[in-house]
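Here the structure comes first, spelled out in structure tokens, and everything after it is commentary.
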Amino acid sequence: QVQLVESGGGLVQPGGSLRLSCAASDSNFSVYRMAWYRQAPGKRRELVALITAIGSTNYADSVKGRFTISRDNAKKTVFLQMNSLKPEDTAIYYCNHEGGAWGQGTQVTVSS
């Protein structure tokens, strides 16, 4: 079972930035699609961004132009750079591996 460990969450003011990281234990990391999801209180988990094995990306409309997903296959890590954060971005962010594994989640809170 692939293990995913997220880091980088925290409290930030509106307009600020955060960078999330997700380190995978998968030795074949480079061939799998990776994604970030988020779940706000009382809401369903939703896809934020994904990146394929060849580096193609896709984003939720709500984060286009503000968030960037990237990967470093040598470090078996996927990143989510979040800029121009809004209060509605507040949620627990989860890393997801194409094979089905989920990270434990990292809290992002955007508040003044």
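As the structure is a computational prediction, the values presented were derived from the model and not from experiment. In what follows, every heavy atom counts, from backbone to side chain, and hydrogens, waters and symmetry copies are set aside.
At a threshold of 4.5 Å between non-hydrogen side-chain atoms, the residues Leu4 and His97 count as touching. In this structure, Arg66 and Asp89 have side chains that are in contact, with non-hydrogen atoms separated by less than 4.5 Å. The shortest side-chain heavy-atom distance between Tyr32 and Thr52 does not fall under the 4.5 Å cut-off. Contact annotation: the side chain of Pro87 never approaches that of Ser111 to less than 4.5 Å [non-hydrogen atoms, C-beta and beyond]. Counting heavy atoms from C-beta on, the side chains of Ser21 and Glu6 never come closer than 4.5 Å.
Hydrophobic clustering (ILVMFWY, side-chain heavy atoms < 4.5 Å, transitive): Val78 and Ile92 are in distinct clusters. Leu80 and Leu85 fall within the same hydrophobic cluster, defined by Ile, Leu, Val, Met, Phe, Trp and Tyr side-chain heavy atoms under 4.5 Å apart, directly or through other members. In this structure, Leu20 is not a member of the same hydrophobic cluster as Leu50, with clusters built from ILVMFWY side-chain heavy atoms closer than 4.5 Å. Hydrophobic clustering (ILVMFWY, side-chain heavy atoms < 4.5 Å, transitive): Trp36 and Val63 are in one cluster.
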Handout entry: Derivation and outcome, side chain to side chain contact (heavy atoms under 4.5 Å, CB included), residues Gln81 and Ser70
Key = CA-CA 8 Å; Gln81 178 66 44; Ser70 61; over 6 Å; no
Handout entry: Evaluation steps, side chain to side chain contact (heavy atoms under 4.5 Å, CB included), between Val108 and Leu18
Key = CA-CA 9 Å; Val108 172; Leu18 283 174; 3.9 Å; yes
Practice task
Kindly indicate, with the supporting measurements, whether the criterion side chain to side chain contact (heavy atoms under 4.5 Å, CB included) is fulfilled by Phe79 and Ile51.
Solution key: CA-CA 10 Å; Phe79 304 97; Ile51 184 166; over 6 Å; no
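Taking OG of Ser62 as the reference point, atom CD of Glu46 lies at 5.5 Å (rounded to 0.5 Å). Taken from CD in Gln13 to OG1 in Thr109, the straight-line distance is 13.0 Å, to the nearest 0.5 Å. Rounded to the nearest 0.5 angstrom, Lys64 NZ and Thr57 OG1 are separated by 10.0 Å. Put simply, OG on Ser56 and CD1 on Ile69 are 11.5 Å apart, with the number rounded to the nearest 0.5 Å. Within the model, atoms OG1 of Thr68 and CE of Met82 stand 11.0 Å from one another, a figure rounded to the nearest 0.5 Å. To the nearest 0.5 angstrom, Lys76 atom NZ is 6.5 Å from Ser27 atom OG.
Using cut-offs of 30° and 60° for the angle between ring planes, the Trp102 and Tyr94 rings count as perpendicular.
Under a 3.5 Å cut-off, the side chain of Thr90 and the backbone N or O of Val110 do form a donor-acceptor pair.
Using modelled atom types, one finds a donor on one side chain and an acceptor on the other under 3.5 Å when comparing Tyr93 with Arg38. Side-chain contact of Ser17 with Asn83: a donor-acceptor pair under 3.5 Å is present, judged by distance alone.
The number of heavy-atom neighbours closer than 6.0 Å to CZ of Arg33, taken from other residues, nucleotides and ligands shown, is 12 or below.
Here the shortest heavy-atom pairing between Ala91 and Gln107 reads O-NE2, 3.4 Å. Closest approach of Leu47 and Ala35 over heavy atoms only: CD1-CB, 3.9 Å.
Both tests pass for Arg71 against the ring of Phe29: distance under 6.0 Å to the centre and angle within 45° of the axis.
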